[in-house]
2 protein chains.
Amino acid sequence: MEYDAYIQTCPTRMVLDRLADKWAVLVLGRLDDKPVRFNQLKREIDGISQKVLSQVLKKLERDGLVSRKVFATVPVTVEYAITPLGRTLSATVDALRRWAEDNIETVLAAQQKYDRAAE
Amino acid sequence: MEYDAYIQTCPTRMVLDRLADKWAVLVLGRLDDKPVRFNQLKREIDGISQKVLSQVLKKLERDGLVSRKVFATVPVTVEYAITPLGRTLSATVDALRRWAEDNIETVLAAQQKYDRAAE
DNA sequence: ACTGGCGGTTTCCAGGAGGAAACCATGTCA
DNA sequence: TGACATGGTTTCCTCCTGGAAACCGCCAGT
């Protein structure tokens, strides 16, 4: 019953490693609004490769954060949706993305100051 | 003024990539309570190597999230502390770690179910 | 007949991440 | 004199990540 991400062997560490991932944050952020199809996700998440997207989705599905639904249309439609468990997380990962967007200018300024001081 | 982490070239993407990192989350979580010295951090964050810890700290310092203070003791003491900017972020990254600790059992159960279904 | 979209998997390959361990200066204690 | 601690840097080496591109079946439109 003692879970602590600061202990190397704790399974929490593995989960944290999966969530603390740029792509996972972006995927969960997109799915939070509504279910999205594979290629739609690929188009919306600029710069992600097909392989990485399918890997991330598979891992998120395995962790129970995302569900996969196949429609027998033609061509086959596959829709990814956030699960109730994933929804308990989405606010947090979204806050991370929003922090980055809100504070990017401050961070860039800090970087420039740091780089100037190093010269 | 249009920052969007979903665009590949947006600087937000780089910041997100830095924050969405297992080690950064753990370091910021430790510094949130109080300033900590280098070797103390190394001891508390089980499994991190000296090299990686110093790299993470340097990047966080460059981004203005962590400050470094050197004391002329013997041997030299170096204390890392969270900055006001870092403090605006710490609640979020801490929430991520806490989510992992709180939901690990649900995630592990989902993984087992997924793996059984795949056989 | 051929192109294109969907939703992938697989292969190849280059580059980076990260662990281990050596090395550094300094000083202190035994 | 030699081991130990502090706070690193640097080198070496290996494993993994992740991008590019080919390939897959299926069908619709031109």
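So that the names make sense, note that chain A is the first sequence line, chain B the second, and so on, each numbered from 1. All of these numbers come straight from a predicted model, not from anything done at the bench. Excluded from the calculations below are hydrogen atoms, water molecules and symmetry mates; all remaining heavy atoms, backbone and side chain alike, are included.
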Distance, rounded to the nearest Å, where A:Glu44 contributes CD and C:dG7 contributes P: 13 Å
Below 4.0 Å: OP1/OP2 of C:dG7 and any side-chain N or O of A:Arg43: no
Audit row: A:Arg13, A:Ile7, side-chain contact (heavy atoms from CB on, under 4.5 Å) steps and yes/no: CA-CA 7 Å; A:Arg13 185 66 78 81; A:Ile7 297 169; 5.9 Å; no
A:Pro75 or A:Asp21, whichever maps to the more 5' nucleotide of DNA chain D: A:Asp21
Sugar-phosphate only, base, or nothing, as touched by A:Gln50 at under 4.0 Å among non-hydrogen atoms: base
side-chain contact (heavy atoms from CB on, under 4.5 Å) between B:Leu26 and B:Val93, worked out: CA-CA 8 Å; B:Leu26 293 174; B:Val93 294; over 6 Å; no
Interatomic distance, B:Trp23 CH2 vs C:dA17 C1' [rounded to whole Å]: 12 Å
Sugar-phosphate only, base, or nothing, as touched by B:Thr73 at under 4.0 Å among non-hydrogen atoms: nothing
Upstream residue (5' side of DNA chain C) when B:Ile48 and A:Arg37 are each assigned their closest nucleotide: A:Arg37
Hydrophobic cluster membership, A:Val36 vs A:Val78, 4.5 Å side-chain cutoff: yes
Sugar-phosphate, base or nothing in reach of A:Lys58, heavy atoms under 4.0 Å: sugar-phosphate
N or O in side chain of A:Ser54 less than 4.0 angstrom from C:dT9 OP1/OP2: yes
Whole angstrom value for the distance that separates P of C:dG8 from CD of A:Glu61: 10 Å
Nucleotide C:dT26, atom C1' - distance to CG of B:Asn39 in whole Å: 15 Å
Nearest-Å distance for atom pair CG/C1', residues A:Leu57 and C:dG7: 11 Å
Minimum-distance pair of heavy atoms, taken over all atoms of B:Tyr3 and B:Pro11: CE2-CG, 3.8 Å
Least distance between heavy atoms, A:Leu19 atom then A:Val25 atom: O-CG2, 3.9 Å
B:Ala5 versus B:Leu16, closest heavy-atom pair with distance: CB-CD2, 4.3 Å
Euclidean distance, atom CZ of residue A:Phe38 to atom P of C:dG8 [Å, nearest integer]: 6 Å
C:dG8 base / A:Lys51 side chain donor-acceptor hit below 3.5 Å: no
Nearest-Å distance for atom pair CG/P, residues B:Leu26 and C:dG18: 13 Å
Length of the CD-C1' vector between A:Gln40 and C:dC6, whole Å: 12 Å
Sugar-phosphate only, base, or nothing, as touched by B:Phe71 at under 4.0 Å among non-hydrogen atoms: nothing
DNA chain D: 5'-most and 3'-most nucleotides touching chain A, 4.0 angstrom heavy-atom criterion: D:dG18 to D:dC27
Side-chain donor/acceptor of B:Tyr80 to backbone N/O of B:Glu61, under 3.5 Å: no
